[in-house]
Asker: 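The following block contains the structure, expressed as C-alpha cells.
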Amino acid sequence: MTISFIVECDVCHHKYVLKCQCDHVMNHGSMPIRVGCKNCGNILRGEISAQSLVMTKGIKHECENLLAPYPYVGVSTELPICVDCYFTDRQLLNNYLCLPSYVNDANMHNHSRRMSILADSMSQTLNDLQTLYNIYCNGNISVFSTYVEEKFGKDKNEMIKDKKDMQRGFVNIFVQLFNVIVSKAYYSQFTQPFVEELDKVVDNVDANILKGLLAAVSCNMNIENDIDESIKVLMEFVGNMTNFFPLMLLLDKGDFSNSFCGKLYLSTVDYAEVKNIYAELFEVLSRWSMLFVGLENLKTRGDYNKLDTKKPVADCCKKTNGKKSEYISTHSWLKDYYLRTLDNKIRNGIDHAKTKYNAYSQIVEYYPNVNKPNEKQEIALVDFTFIILQQAIKLVESLHLTMIVLNRVQ
C-alpha cells in the first residue's frame with residue numbers, strides 16, 4: 001500500500017507527488033523524509049507517520065489533485081528507492097514491487113523482521129539509552145547500576161563499581177542492539193572469520209602477553225579515553241539510526257563490495273546529516289584497528305610485536321590514522337575485514353571540506369588529494385551511508401573485543 005502527497009519546493013516552486021510506501025515503522029512515530037529538488041537542488045525535508053506528513057522545509061498541498069502531471073518520487077522510511085520509482089511520470093510503479101530486482105524474498109523477510117523489532121522498541125530504547133549516557137557522563141556509579149538493572153535487565157549479581165564497569169555495561173547494551181541489526185550475511189563474511197578468530201586468540205594466549213599488547217597499542221592512544229569517545233560516537237549514530245533503516249536491507253543482500261550507484265536511492269537522509277558521523281567513526285575505528293593488527297600478529301606469527309613488514313607493532317601505532325588505514329589496505333588479511341570502511345581518500349575529502357553534493361542525483365564529489373586539487377572522485381549517497389552503517393557495526397565489534405581483552409588482563 002502507498003499513500004501520496006503533493007509537495008512544493010519552497011525555493012523554485014516545482015511540485016512533486018511523493019508516493020510513500022506504507023510500512024511498519026510509520027506506525028510507531030514520525031520518520032524522516034528527505035527529497036532533493038530536481039530543478040534547483042534544494043532539499044525538501046519532512047517527518048512522516050501513518051497519520052500525516054509534516055514538512056519542515058518545503059510546502060505540502062492538502063487539497064490539490066493527486067493526478068496532476070507532476071513527477072512522482074518514491075519515498076520509504078525503511079526501504080531504499082529503486083531507480084524505476086525515483087522521479088518518474090509512471091504513477092503506477094510501486095517501490096516494494098520493484099525491489100525484487102535487487103533483493104530476494106528472504107532478504108525482504110529478514111529486513112521486515114528487523115524493522116519490526118527496532119520499531120517496536122526504538123523510541124523507548126533511545127530515550128533510556130540517552131538517559132543512561134547522561135548518567136554515565138555525570139559519573140554516578142550507583143545510579144548507573146540501578147538504571148541499567150531497571151531498563152536493560154542487568155543481572156543483579158553483575159557488580160558495577162567503577163567507570164570501567166560502566167563502560168562494559170554500555171558496550172554490552174550496544175552489542176545487544178547491534179545483534180538485531182547485523183545480518184547473517186555480514187556475520188558470515190566479517191564477524192565469524194575475523195572477530196571470532198581473534199576472540200579465540202585472546203582466550204588462548206597468556207594474560208601477560210595481552211598486557212604487553214595493550215601497552216604497545218597504548219603508545220599512541222589512551223584506551224579509557226578512546227572507549228569514551230567511541231561510546232559518544234555510537235550514541236550519535238544511534239540517535240540518527242532511523243536515517244539508516246533502508247541501508248539495513250543491504251546487509252541482508254550481502255553485497256559489500258559493489259556499488260549501488262544509479263540503482264538505489266535514499267529518502268531518509270541527506271549527505272550533510274551524516275558526513276561528520278563518517279569522519280568520527282573513521283577516526284576511532286582507525287585507532288582500534290591497531291588492536292586487531294596486534295592480535296593478527298599473534299594469530300599468524302605468534303608474536304604481537306612482529307608486523308608482516310618485520311617491524312614492531314608500535315611502528316604502525318605511531319602512524320597517523322590516515323597512514324594506519326593505508327597500512328590496513330595493504331594487509332593480506334585485515335583489508336578484507338575493514339573492506340571500504342577505512343577509505344582514507346573519502347576521509348581526506350570530507351575533513352578538508354572539499355566535497356560537493358548533488359541532492360537530486362545523490363552523488364557526493366570529493367577531492368582527496370591536496371596536491372591535485374582538481375582530481376575528483378565520486379560516491380553515491382547510498383554507498384556512503386552503507387559504509388557508515390558498517391563502520392558502526394565494526395566499532396561495536398572493536399569495543400566488544402577490547403572488553404574481552406581487558407577482562408583477561410584485569
Asker: Are any side-chain N or O atoms of N107 and backbone N or O atoms of V103, one a donor and one an acceptor, separated by less than 3.5 Å?
Answerer: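 Answer holds: no.
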
Asker: What's the separation between atom CZ in F5 and atom NZ in K60, rounded to the nearest 0.5 Å?
Answerer: 5.0 Å

Asker: Taking side-chain contact (heavy atoms from CB on, under 4.5 Å) as the test, write out the residues that go with C22, two or more places apart.
Answerer: M1, I3

Asker: Which heavy atom in G322 sits nearest to a heavy atom in N344, and how many Å separate them?
Answerer: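 Nearest heavy atoms, G322 then N344: CA-OD1, 3.2 Å.
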
Asker: Quick one: closest heavy-atom pair of T77 and P32, and the distance?
Answerer: CG2-O, 4.4 Å

Asker: Please collect all salt bridge (charged side-chain N to carboxylate O under 4.0 Å, His left out) contacts where either partner lies in residues 168-196, sequence neighbours excluded, each pair once.
Answerer: D165-R168

Asker: Stepwise, does the side-chain contact (heavy atoms from CB on, under 4.5 Å) test hold for D303 with L298?
Answerer: CA-CA 5 Å; D303 185 346; L298 278 170; 5.7 Å; no

Asker: Report the C-alpha distance between M108 and L99 in whole Å, list the side-chain angles of each, state the deciding distance to 0.1 Å, and finish with yes or no for side-chain contact (heavy atoms from CB on, under 4.5 Å).
Answerer: CA-CA 9 Å; M108 293 293 290; L99 271 173; 4.2 Å; yes

Asker: So, do L406 and T402 sit near enough that their side-chain heavy atoms are less than 4.5 Å apart?
Answerer: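 When only atoms from C-beta onward are counted, T402 and L406 do touch, with a gap below 4.5 Å.
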
Asker: I want to check something: taking the side chain as every heavy atom from C-beta on, are V293 and L307 in contact at a cut-off of under 4.5 Å?
Answerer: yes

Asker: Counting N and O atoms only, with roles assigned by atom type, does the side chain of T268 sit under 3.5 Å from a partner on the main chain of N243, one being a donor and the other an acceptor?
Answerer: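 Present.
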
Asker: Any salt bridge (charged side-chain N to carboxylate O under 4.0 Å, His left out) pairs touching residues 33-43, not counting sequence neighbours?
Answerer: R34-E47, R34-E273

Asker: Looking at Y102, I'd like to know if the NZ or CZ of K253 sits under 6.0 Å from its six-membered ring centre while staying within 45 degrees of the ring's axis.
Answerer: no

Asker: Rounded to the nearest 0.5 Å, what separation is found between the OH atom of Y136 and the CD atom of Q167?
Answerer: 3.5 Å

Asker: Can you measure from NE2 (H331) to OH (Y337) and round to the nearest 0.5 angstrom?
Answerer: 14.0 Å

Asker: Residues in salt bridge (charged side-chain N to carboxylate O under 4.0 Å, His left out) with K211, at least two apart?
Answerer: none

Asker: Enumerate the side-chain hydrogen bond (donor to acceptor under 3.5 Å, both in side chains) contacts for residues 306-316, please, sequence neighbours excluded, ordered by first and then second residue.
Answerer: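 Qualifying pairs, neighbours excluded: D308-Y327.
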
Asker: For a quick test of reading the model, state the closest non-hydrogen atom pair linking W333 to P193 and the distance between them.
Answerer: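 Smallest heavy-atom distance, with atoms named: CZ2-O, 3.4 Å.
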
Asker: Decide, yes or no, whether a salt bridge links K200 with E197 under the criterion of side-chain N to carboxylate O below 4.0 Å.
Answerer: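 So K200 pairs with E197 through a salt bridge.
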
Asker: Just wondering, do L213 and L291 contact through their side chains at under 4.5 Å, heavy atoms?
Answerer: yes

Asker: Any sub-3.5 Å donor-acceptor pair from S289's side-chain atoms to S286's backbone N or O?
Answerer: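 Side chain of S289 to backbone of S286: a pair is present.
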
Asker: Salt bridge (charged side-chain N to carboxylate O under 4.0 Å, His left out) with D252: which residues, sequence neighbours excluded?
Answerer: R114

Asker: Name all residues meeting the side-chain contact (heavy atoms from CB on, under 4.5 Å) criterion together with T320; count only those two or more places apart in sequence or in a different chain, and write none if there are none.
Answerer: K323

Asker: Rounded to the nearest 0.5 Å, what separation is found between the OH atom of Y265 and the CD1 atom of I81?
Answerer: 11.5 Å

Asker: Mind listing the closest non-hydrogen atom pair of D383 and C261 along with its distance?
Answerer: OD2-N, 3.6 Å

Asker: Please determine whether side-chain contact (heavy atoms from CB on, under 4.5 Å) holds for the pair C37 and Y360, giving the CA-CA distance in whole Å, both sets of side-chain angles, and the decisive distance to 0.1 Å.
Answerer: CA-CA 6 Å; C37 176; Y360 160 65; over 6 Å; no

Asker: Are any of the side-chain nitrogens in E326 or K324 under 4.0 Å away from the carboxylate oxygens of its partner?
Answerer: no

Asker: Can K376 be said to sit on top of Y366's aromatic six-ring, NZ or CZ under 6.0 Å from centre and within 45° of the ring axis?
Answerer: no

Asker: Taking the side chain as every heavy atom from C-beta outward, state whether L295 and L401 have any atom pair closer than 4.5 Å.
Answerer: yes

Asker: Is the shortest distance from a Lys or Arg side-chain nitrogen in K164 or E224 to a carboxylate oxygen in the other one below 4.0 Å?
Answerer: no

Asker: Mind checking what makes side-chain contact (heavy atoms from CB on, under 4.5 Å) contact with A106, not counting sequence neighbours?
Answerer: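 A106 satisfies side-chain contact (heavy atoms from CB on, under 4.5 Å) with N104 only.
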
Asker: Do the side chains of T191 and Y186 get nearer than 4.5 Å, heavy atoms only?
Answerer: yes

Asker: Ignoring hydrogens, what is the shortest heavy-atom contact between C85 and N94? Give both atom names and the distance.
Answerer: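 Closest heavy-atom pair between C85 and N94: SG-C, 3.8 Å.
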
Asker: Would you find a donor on one side and an acceptor on the other, under 3.5 Å apart, between the side chain of N220 and the backbone of C317?
Answerer: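 Flag set: sc N220 to bb C317 pair under 3.5 Å.
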
Asker: OG1 of T355 to CD1 of I379: how many Å apart, nearest 0.5 Å?
Answerer: 12.0 Å

Asker: Answer yes or no: is there a donor N or O on one side and an acceptor on the other, between the side chain of S267 and the main chain of S76, under 3.5 Å?
Answerer: yes

Asker: Please round to the nearest 0.5 Å and tell me the distance separating atom CZ of F292 and atom OG of S398.
Answerer: 4.0 Å

Asker: Please name all residues satisfying ring pair (Phe, Tyr, Trp, His ring centres under 6.0 Å) with F245, sequence neighbours left out, ordered by chain then number.
Answerer: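 With sequence neighbours excluded, F245 shows a ring pair (Phe, Tyr, Trp, His ring centres under 6.0 Å) to no residue whatsoever.
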
Asker: Between Y271 and F384, how do the two ring planes meet: parallel, tilted or perpendicular, split at 30° and 60°?
Answerer: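 Y271 and F384: tilted rings.
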
Asker: When you look at I160 and I141, which way does the side-chain contact (heavy atoms from CB on, under 4.5 Å) test go after all the steps?
Answerer: CA-CA 7 Å; I160 296 179; I141 296 170; 3.9 Å; yes

Asker: Determine, stepwise, if the pair Y16 / F87 fulfils ring-ring contact (aromatic ring centres under 6.0 Å, His included).
Answerer: CA-CA 9 Å; Y16 304 95; F87 287 90; 5.5 Å; yes

Asker: Could you check whether any side-chain N or O of T300 sits under 3.5 Å from a backbone N or O of N297, counting only pairs where one atom can act as donor and the other as acceptor?
Answerer: no

Asker: Which pair of non-hydrogen atoms, one from Y96 and one from Q21, has the smallest distance, and what is that distance?
Answerer: N-OE1, 3.1 Å

Asker: Show which side-chain atoms of residues 229-238 pair as donor or acceptor with protein atoms under 3.5 Å away, not counting sequence neighbours.
Answerer:
unit_1	atom_1	unit_2	atom_2	d
S230	OG	D226	O	2.7
S230	OG	W288	NE1	2.9

Asker: Report the residues that fulfil salt bridge (charged side-chain N to carboxylate O under 4.0 Å, His left out) with K319, sequence neighbours left out, ordered by chain and then residue number.
Answerer: none

Asker: Do D203 and R408 sit within salt-bridge range, that is, some charged N less than 4.0 Å from a carboxylate O?
Answerer: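 R408 and D203: not salt-bridged.
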
Asker: Determine whether L44 and M55 make a side-chain contact, defined as any pair of heavy atoms from C-beta on separated by less than 4.5 Å.
Answerer: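 Heavy-atom side-chain distance check passes, below 4.5 Å.
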
Asker: Mark yes or no for whether D84, through its side chain, and C98, through its backbone, hold a donor-acceptor pair below 3.5 Å.
Answerer: no

Asker: Can you name the residues that form a salt bridge (charged side-chain N to carboxylate O under 4.0 Å, His left out) with D10, not counting sequence neighbours?
Answerer: K57

Asker: Heavy atoms, side chains only, cut-off 4.5 Å: are V364 and E378 in contact?
Answerer: no

Asker: Around atom CG of D105, are there more than 12 heavy atoms of other residues, nucleotides or ligands at under 6.0 Å?
Answerer: no

Asker: Answer yes when R301 and E296 have at least one side-chain N-carboxylate O distance shorter than 4.0 Å, and no when they do not.
Answerer: yes

Asker: How about F386 and F244: are their ring centres within less than 6.0 Å of each other?
Answerer: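 Aromatic pair excluded; centres sit 6.0 Å or further apart.
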
Asker: Does a side-chain heavy-atom distance below 4.5 Å link H400 with I404?
Answerer: yes

